[in-house]
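First up is the structure itself, then whatever we jot down about it.
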Amino acid sequence: MRSKQKLLGIVLLVVLVVAASAWGLSHYNFAVLNPAGVMAQKERQLMIIASLLSLLVVVPVFILLGTFAWKYSERNQKPGKYQPELDGNRKLEAIWWGVPALLLIVFSAIIWRSSHALDPFKPLDSTKTPVRVQVVSLEWKWLFIYPDEGVASVNALPLPVDRPVNFEITSDAPMNSFWIPQLSGQIYAMSGMSTKLHIEANKIGSYDGRSANISGEGFAGMTFKANVMSQHDYDAWVAQASSSQGVLNQATYDQLVLPSQNVKPVSYVLAKHDLYDTIVMKYMSHGDTETDTGMAHDMAGMEM
């Protein structure tokens, strides 16, 4: 009787845990599970597939753990059956070695395929002209440069819906990580290097962006909003930013690069169109023109 009550209690506990998990997932916005972009949707699908495949091993292991713990416990008065023939049993060994081996093969195939399909350097297929955004990680804020529109912004990232966005990402501060959970995975921002990320948002809305790499005192406030809007509203924002009083030239940037925390969003007219390249190359300079030229050619070759 007691064993039945214990079994019933375990079943009820499992049901409560599953119900609580389902309730939590339905009432809270877990960003990575609520994608609003093409890449984020593919990444969520990959996480779900990997989790379900892992459960094929995890669930039986915990069931067997509980079974063995009870079967060979002191409280279990029912004598166990002596089965020495199970030692070295080929069928059983084929199961507990074969199933994990098969899962590893499946995981390997999925990883190989997804590594190429979700390559952040791979442009997205689209008939629309991509928006170019150059991202610079500063202490402790984000600078977004729109070279084709001739504008820039700090801690605000307006984007048009259903249009590819090509990010170029670098840092003029400690190493950081650029992440918009509902639109894409994270990618590192490093001084002297230019990494890339391609995304496309398919839902209008405001999405949290943040630093995914601890970078010092102001790390917690290093956040921004990715505001996905219609093409008409995006064009209106570009027009408004183009008439801004602030001008992003070298002098303005020299002030902007100084450490500051919880900086409010602001827009600029872009006066120095090669600012991003200047930021990247400043860490490549060694005072030797010939060396600098050779390194620039090497970097160009690496990005192709």
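Computed from heavy atoms alone, side chains included, the values below leave out hydrogens, waters and symmetry copies.
Each of V154, L256, N155 was checked for a side chain to side chain contact (heavy atoms under 4.5 Å, CB included) with V266, and the lone residue meeting it is V154. Checking N176, V280, T170 one by one against V136, the side chain to side chain contact (heavy atoms under 4.5 Å, CB included) holds for a single residue, T170.
Under 3.5 Å, the side chains of Y234 and E149 contain a donor-acceptor pair of N or O atoms. Between the side chains of N89 and E93, no donor-acceptor pair is found at a separation under 3.5 Å. Remark: the N227 side chain and the Y207 side chain contain no N/O donor-acceptor pair separated by less than 3.5 Å.
Between the D233 side chain and the M229 main chain, no donor and acceptor come within less than 3.5 Å of each other. Between the side chain of Q182 and the backbone N or O of N34 there is at least one donor-acceptor pair closer than 3.5 Å. No donor-acceptor pair closer than 3.5 Å links the side chain of Y268 to the backbone N or O of Q245.
Other residues, nucleotides and ligands contribute over 12 non-hydrogen atoms within 6.0 Å of the CG atom of D274. Sparse packing is recorded around CD of Q240, with 12 or fewer heavy atoms of other residues, nucleotides or ligands lying under 6.0 Å away. Counting non-hydrogen atoms of neighbouring residues, nucleotides and ligands closer than 6.0 angstrom, the CD atom of Q45 reaches no more than 12 such neighbours.
The distance from atom OG of S177 to atom CD1 of I187, rounded to the nearest 0.5 Å, is 8.5 Å. Taken from CG in D208 to OG in S206, the straight-line distance is 7.0 Å, to the nearest 0.5 Å. In this structure, CG on L159 lies 5.5 Å from CD1 on I199, to the nearest 0.5 angstrom.
Residues L183 and M39 come closest through the heavy atom pair O-CB, 3.9 Å. Smallest separation of non-hydrogen atoms from M222 and K141: CE-O, 3.4 Å. The shortest heavy-atom contact between P158 and Y146 is O-OH, 2.8 Å. Heavy-atom minimum distance, M175 versus Y188: CE-CD2, 3.3 Å. I279 and S171 make their closest contact through CG2-O, 4.4 Å (heavy atoms, listed as atom of the first residue, atom of the second, distance).
Checked against a 6.0 Å centroid threshold, the rings of F224 and F178 count as neighbours.
Between D172 and K282 there is a salt bridge, since a side-chain N of the basic residue sits under 4.0 Å from a carboxylate O of the acidic one. Look at E168 and R132 and you find a salt bridge, because one of the NZ, NE, NH1 or NH2 atoms lies within 4.0 Å of a carboxylate O, short of that distance.
Using a 4.5 Å heavy-atom cutoff, the side chains of V151 and V269 are not in contact. Residues V131 and D148 form no side-chain contact, since every pair of their non-hydrogen atoms from C-beta on lies 4.5 Å or further apart. The shortest side-chain heavy-atom distance between L56 and L53 falls under the 4.5 Å cut-off. N166 places none of its side-chain heavy atoms less than 4.5 Å from the side chain of V133. Between P130 and R163, the closest side-chain pair of non-hydrogen atoms is not below 4.5 Å. Proximity of Q186 to N213: side-chain heavy atoms (C-beta onward) are nowhere separated by under 4.5 Å. Using a 4.5 Å cut-off on side-chain heavy atoms (C-beta onward), V32 and W179 make contact. A 4.5 Å side-chain heavy-atom check between V165 and H198 finds every atom pair outside the cut-off.
With sequence neighbours excluded, the residues forming a side-chain hydrogen bond (donor to acceptor under 3.5 Å, both in side chains) with D235 are Q231, listed by chain and number. Partners of T252 by side-chain hydrogen bond (donor to acceptor under 3.5 Å, both in side chains), not counting sequence neighbours, listed by chain and number: N249.
Grouping the Ile, Leu, Val, Met, Phe, Trp and Tyr side chains by contacts below 4.5 angstrom, directly or via other members, places L52 with I63.
Ring-plane geometry between W142 and F144 is classed as parallel, the angle between the planes falling under 30 degrees on a 0 to 90 degree scale with a further cut at 60.
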